[in-house]
Amino acid sequence: MVHSFKQGWQTLKSIFTGMGITIRHFFGPSVTLQYPDERDVLPKLARSKLFVNIDDCIGCNLCARACPVNCIDIETVKAGADVDLGKTSNGSQKRLWISRFVIDMAKCMYCDLCTYPCPTDCIYMVQEYEYSDFNRDNLVYKFSNLTPEKIAEVKETARIEAEEAEKKKAEEAAAKAARASKASDSRPSSVPGAARGIPGSAKGIPGKAKGIPGASKGVPGKAQGIPGAAKSIPGKAKGIPGAAKGVPGKAKSIPGTAKGVPGAAKSVPTAAKGVPGKAKGVPGAAKGVPGKAKSVPTAAKNVPGKAKSIPGTAKGVPGKAKSVPTSAKSVPGKAKSVPGTAKSVPGKAKGVPGKAKGVPGGGAAKVPGKSTAKQVPGKKPPKENKDNNTD
Amino acid sequence: MELTTLLFYFFSLLTIGSAIFMVFSKNIVHAAFALMFTLLGVAALYVLLFADFIAATQILVYVGGILILILFGVMLTTKGFTDNLKTLTTNLRPVSVVMTLVAAGMIYVLLTTTWPVAEIAEPEGTITGLGTLLLKEYILPFQVTGVLLLVAIIGALLMATKVKHQQ
Amino acid sequence: MIEIVQKGKSRPEMVINMGPQHPSTHGVLRLEVTLDGELVTHVRPHIGYLHRCFEKYGESVGDYGMVTPFTDRMDYVSAMNQEHGYVIAMERLLDIEVPERVEYIRVIMAELQRIASHLLAVGTFGLDLGAFTPFLYVFTEREKILDIFEKSSGARLLYNYMCIGGLMRDVDDDFKKDTEEFVRTFRPKITELQNLLTYNSIFIKRTAHIGVLPPKVALNYAASGPVLRGSGVKWDLRKNNPYSIYDRFDFDIPVGEGEVGTLGDCWDRYIVRVLEMEESCKIIEQALEAMPDEGDVQQNVPKRVRTKPGEIYARTETPRGELGYYIISDTSAKPYRIKARAPSFVNLSLLPAISRGSLMSDLVAIVGSIDIVLGEVDR
Amino acid sequence: MTWLESLPLAVFVMIPLVIILIYALFAIWMERKVAGFIQDRLGPMRVGGWHGWAQSFADLLKLIQKEDIIPAEASKFLFRFAPFLMFAASYAAFAVIPFSSAYMGSNIDIGVFYLLAITSLLTISVIMAGWASNNKWSLLGAMRTAAQMVSYEVPTIMAVLSVIIVAGSLNLMTVTEMQSGNDTLGFLPNWLIFQNPFLLVAFVIFFISILAESHRVPFDLPESESELVAGFQTEYSGMRWAMFMLAEYADMLLLSLLGAVLFFGGWNSPFGGFMDGPIWGFFWFMFKGMILVFVMMWIRWTLPRYRVDQLMYLCWSILIPLSFINFVLIALWEMLF
């Protein structure tokens, strides 16, 4: 009897002790953060997302080899002997075109092993952690800043050089050379007939491209990235909130914008942050409607006598003249204009190779105003844009 | 029609309908739940007769107690699924003959009796009256019932401990 | 009249599947429970829902250093301890001497991780028994530890912080201060937990005399960690077979004593974890005091791991028990064979033995008190 | 009475429904806030602005939109019917609660008795839901609930009876009226809990029992989510599940209000004549009820839950004998003083 009363008292006592503790916490402060409004300050070493400073990348493939889950995919093309690719920030000479530098963040396990072997420290983890997406494909980040045309061009060059080397060999052993040449033909890296005459279409409209907003993921005010094109037309393209949230990989996919400036299409995260208000909605090169890839012809026109065959080509492949892939994500009404640049597909402009070699960087600035068709604000870009997500 | 009359017919139908369902249902659990409606209907009829205490007792004892006991019995004693438990009708012919006769007799009585119609009068203090009756006039039956229940409880306890002992 | 219709084989028992999506199986464990009423007559754990081929991966992934992040993923609740075991195994295989500072940092990290892991274990144990609030209180403390980890390693859960021969990077500048601060504020929280949960009489009722694991059975099943110590067996590799620099510290090994119930019941396993957190605090304090302030954590890290044919078995004490790595090496860059002896897996095998005859609700308590991590069980 | 005449009656009986609905929305929000604050969190903060006050509305909206899933093998009618029966039982019991000196659903003599009788329907509806779901977890949960509720009805009734023999009436309005004013000493209100020392014990028994009756922690075995997934509610979704929640919260309020009537003077102001009157009476009554609800929540977020056999042990071996002894002692005290 006494025992059970004692036990009962113990029970009540322990319950009241517990309730005392919880009521103290009831009146105590909260330890949580109201997340989207308040954010925790991440330590500077926090590992949240991989980033590649492509300017410093020498294409050594060490990071891809260090990755335990193979989420990094690098493809390089040998630069010609006469081409100077510049140096990295720590002074090593770059010898390879990085035609493909893809990191699949959906696969990445954030182990940080890839960052240690990098000789130029160009791959590293950054603190950005809010990049979840509904589509797994959007977690594949592309860092190469070469346009498809440029890639095709450098590949063609590499192929020709390789072929020349082969020919030299072939002179020595003809049968052997024939076989070797076939093999090199079938390699994907040497697509014949790359359209090289096209770059520069965006550059040609410096005065008009006052703002190519919209490609950002919805809210213009948050577009953090700026495609390289902005750099090439400083002071004129007042605000080009770029393709996506500072993801350099997206910059590539605005062919019209970045085309003319291979190498310059650096992602400048946060650069465009304040800009969207100015983004007036003039698309870069074409109307954004496939089939009306007018900017391409005009761009080509400025390369007199050289790219003659291109207008017809671009028009002939309407389905493939696609505008910015990332812009497909933009919410109509917010992303007001879509830089709907057309692009002629490599392989079609067969007449061009060799002739337009000097174009990137050159004859672009002369594009007449008529090439800048105005994009209707609020219009959604064509659906098939997504397919154009090549690099 | 008056609301009370309407309610009376509604609850009568509920009672009879669910009773019929209960009798003819093959599934014993369904039958048990149908019994619940019957009991509730009866309770509502008690209310309409101003027997509020009886009505509440009806719910408390039959619905809250006995019916749950039945359900418990059904669910706990058969260790398989209750689906496997089916009611079976036997001796259908003799029973229907007898029941038809009984029903005919009852209907005859129902039709031939002249039912007195009285003014509705709400009785005052049903519990007080009940309490007085139970503790004065019917004290002996009341006590005997109590003893009977006590015996039942002791018996149940004994049976339960025996089963436990055997295990 | 009532007729009982026999449909096929009628069994007096009810078989239910607890899991793989059940709130209290701590992951994707599936328990096939045979019930007689609410009495458990038999339990069969079905595992493998989280199998990620750790061992096979380790043999194919590239080189020895690339295995470390996968060890994190075995017992993701105590990743530091998993790494610690692996790097110790590799260092013994390669005969690498580890700098003093690295050893101290590793021990501090491992002990912090032990506290974090035990906090999770006691929190979820309470959660299984219906006490939601202590779970969040201990999580607040766990977050502080994760903050310390994040500052130094950059990650909050899967660190990949230790590497063969050293550490991936040096600790944060505030590391010492943060850790001291944590230990100082953590001790009162243990007291609070004791008052709120441990000595709550309902909690005691739910855990005392439940799932009793006699010492002999525990040893026969090769149980380890708090499950073994809960049965009163004083066995802790940090003391019995010291690795790293654990022989330099002064700490006790708490064992279950059957304070409120039978020796080896759920409460004993629980209290061992709580007391171990205090011991870990002691170790951390001593280590912080003795830790050299300067030193390159990478100085003995081999540029390339070159192995000779050989084999090694190294075992360490993780929060869940004895974690052993058995590695066979050849001259290639990849391990020939890696086998991990996972304590959760071994401890889980106890479940049928100690849960027979208990109630359904006790089964939940027993699973919680064994504290398994399915990542480690399935590997 | 004709149809038209009964219209005001219909409005009259709807008043508790409105109270329950508003209270349920508030209580669900409150539960979350209490849980949040106790756990060093903030609880809902976003919907509606100030401290997420509209969270319950958002949830309601969500639940309305949800698909009404009925398992293929379920007993369809019973599955659909059970939540409504449960809520109907809770709601019907509010008829005899004296919300204020001016409002009471039905002023019948057997008030408490009726209330206890009608709440026994809750047990049936739980069994119905559990059985009709055709799910083992549901059935286990339902059996536990039924056993628990039937058992705890006994100590509840004993505790209520203890009050009744002091008050001398089953009518809750009468019970409340006799608690108005201050007691002989002058500073304590004339509430029953201060009138008889053994009523304090009765209150403890009553409170423990109503925790079990409304299946709250530490007696939340019917839904013990760590064991039985969600007990008898496992298969329910959308509005039917919301009906269960509504019934559960209504039950909580009902029993808390009953406690307020029986022990804390119902709608009587704690300050004697000060702040008295029908409207204030309603306020005080709900206030007292909500304090008991708050204590229930406070307990919920503090304690672990009992095991099913321990629950039964507590009921049959401790509470029932204790309540019987207490009952006799109260009767003796009443005879002596």
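Every chain is numbered from 1, with letters handed out A, B, ... down the list of sequences.
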First locate atom CD1 of Ile202(C), then atom OG of Ser14(A), and finally report the distance between them rounded to the nearest 0.5 Å. 7.0 Å
Do Tyr199(C) and Gln10(A) come close enough that some side-chain heavy atom pair is under 4.5 Å? no
Distance (rounded to the nearest 0.5 Å) between Asp112(A) CG and Asn160(C) CG: 7.5 Å
Which of the residues Met109(A), Arg65(A), Gln7(A), Met19(A) is involved in the greatest number of heavy-atom pairs with chain C at under 4.5 angstrom? Met109(A)
Yes or no on side-chain contact (heavy atoms from CB on, under 4.5 Å) for His25(A) and Glu192(C), after CA distance, side-chain angles and deciding distance? CA-CA 11 Å; His25(A) 280 270; Glu192(C) 191 186 88; 3.0 Å; yes
Of the backbone (N, CA, C, O) and the side chain (C-beta and beyond), which part of Arg156(C) lies under 4.5 Å from a heavy atom of chain A, both, or neither? neither
Let me know if Tyr161(C) has heavy atoms under 4.5 Å from chain A in its side chain, its backbone, both or neither. neither
Measuring only between side-chain heavy atoms, which start at C-beta, is Pro43(A) closer than 4.5 Å to Glu150(C)? yes
Best-contacting candidate, Ser153(C), Gly154(C), Pro69(C), against chain A by heavy atom pairs under 4.5 angstrom: Gly154(C)
Max heavy-atom pairs within cutoff under 4.5 Å with chain A, candidates Glu143(C), Lys205(C), Met168(C), goes to Met168(C)
Could you look at Leu42(A) and say if it's the side chain, the backbone, both or neither that has a heavy atom under 4.5 Å from chain C? side chain
Honestly, the part of Ser152(C) sitting under 4.5 Å from a heavy atom of chain A is backbone
